[in-house]
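Hydrogens, waters and symmetry mates are skipped; everything else that's a heavy atom, side chains included, is used.
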Amino acid sequence: VLSKLNDEITVLEFETYRSGKNLVHRFTPFYDEEEMGLDHDALNDLDELDTIIVPAWEDGFNETFLGENCWYAVRISSPMISRLKYIAAYQVAPVSAVTCYAAIDRIEKYEDTGKYILYFKGNAKKIEKIPLGDNKMAVRSCRYTNLQKLLATDTVTHLWE
């Protein structure tokens with residue numbers, strides 16, 4: 001547990017609501033699996049995760065990811081901010097593949113949105129397309145992986161099997 005507490009500290013909200021004698025508790029767990037884009041088994045391998053895969057539409061991909069060497073309005077789980085070293089772009093249909101990645105220079109808060117902007121160390125590196133695969137469930141939100149695992153896989157689907 002102590003190794004996980006070395007991550008960036010965030011405020012966790014805990015709320016209790018009462019209706020008659022019934023109590024309902026609402027809270028944000030320390031690691032929200034859905035928010036982090038992880039399956040349950042991947043929580044054991046958090047130390048290996050260093051890459052965020054973001055979905056990108058053609059216009060934003062060309063203008064921002066390739067043109068401005070950054071990507072913004074990204075929802076990142078707080079414990080992952082200090083772990084991320086790379087960002088990879090999954091181009092949505094009709095491409096439906098990861099096509100490039102970049103080393104992250106820094107991550108900053110993006111306006112007052114609760115999201116972040118990721119600045120690259122340089123230009124994104126184009127790679128041989130890594131297609132979606134058999135699942136056909138497109139990458140609709142950010143997901144985490146390891147760069148070496150990403151570059152070694154034959155399909156995006158195989159990353160989370």
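- A continuous path of hydrophobic side-chain contacts links Val156 to Trp57 [ILVMFWY only; heavy atoms under 4.5 Å].
- At a threshold of 4.5 Å between side-chain heavy atoms, the hydrophobic network of Ile, Leu, Val, Met, Phe, Trp and Tyr places Phe120 and Tyr110 in two separate groups.
- Tracing side-chain contacts under 4.5 Å through hydrophobic residues (I, L, V, M, F, W, Y), one never reaches Tyr144 starting from Ile117; they form parts of separate clusters.
- Note that NZ of Lys85 is 9.5 Å distant from NZ of Lys121, once rounded to the nearest 0.5 Å.
- By the 4.5 Å heavy-atom criterion applied to side chains, Tyr116 and Glu108 are not counted as neighbours.
- The main-chain N or O of His158 is found under 3.5 Å from a side-chain atom of Thr155 such that the two form a donor-acceptor pair.
- The distance from the CD1 atom of Ile104 to the OH atom of Tyr86 is 9.5 Å, given to the nearest 0.5 Å.
- Distance check, rounded to the nearest 0.5 Å: CG of Leu150 to CZ of Arg143 gives 12.5 Å.
- With hydrophobic clusters built from ILVMFWY side chains whose heavy atoms lie under 4.5 angstrom apart, Val92 shares a cluster with Leu159.
- Counting heavy-atom neighbours within 6.0 Å of Glu68 CD, excluding the residue itself, gives a total above 12.
- Tyr119 is linked by a ring-ring contact (aromatic ring centres under 6.0 Å, His included) to nothing, counting only residues two or more places apart in sequence or in another chain.
- Shown here are the side chain to side chain contact (heavy atoms under 4.5 Å, CB included) partners of Val54, two or more places apart in sequence or in another chain: Ile52, Phe65, Trp71, Val74, Ile87, Cys142.
- Side-chain contact check for Tyr90 versus Ile130: every heavy-atom pair is 4.5 Å or farther apart.
- Nearest heavy-atom pair across Asn69 and Ala124 is OD1-N, 4.1 Å.
- Residue Asp105 holds its CG atom at 11.5 Å from SG of Cys70, rounded to the nearest 0.5 Å.
- Side-chain heavy atoms closer than 4.5 Å link hydrophobic residues (I, L, V, M, F, W, Y) into clusters, and following such links, possibly through other members, connects Ile53 to Leu147.
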Mind listing the side-chain donor-acceptor pairs of residues 93-101 below 3.5 Å, one per line with the distance, residues two or more places apart or on another chain?
{"unit_1": "Thr99", "atom_1": "OG1", "unit_2": "Gln91", "atom_2": "OE1", "d": "2.7"}

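- Between Asn146 and Glu48, the closest heavy-atom pair is ND2-O, 2.7 Å.
- Between the CG atom in Leu151 and the CD atom in Glu128 there is a gap of 11.0 Å [rounded to 0.5 Å].
- To the nearest 0.5 Å, atoms CG (Leu66) and NZ (Lys126) are separated by 5.5 Å.
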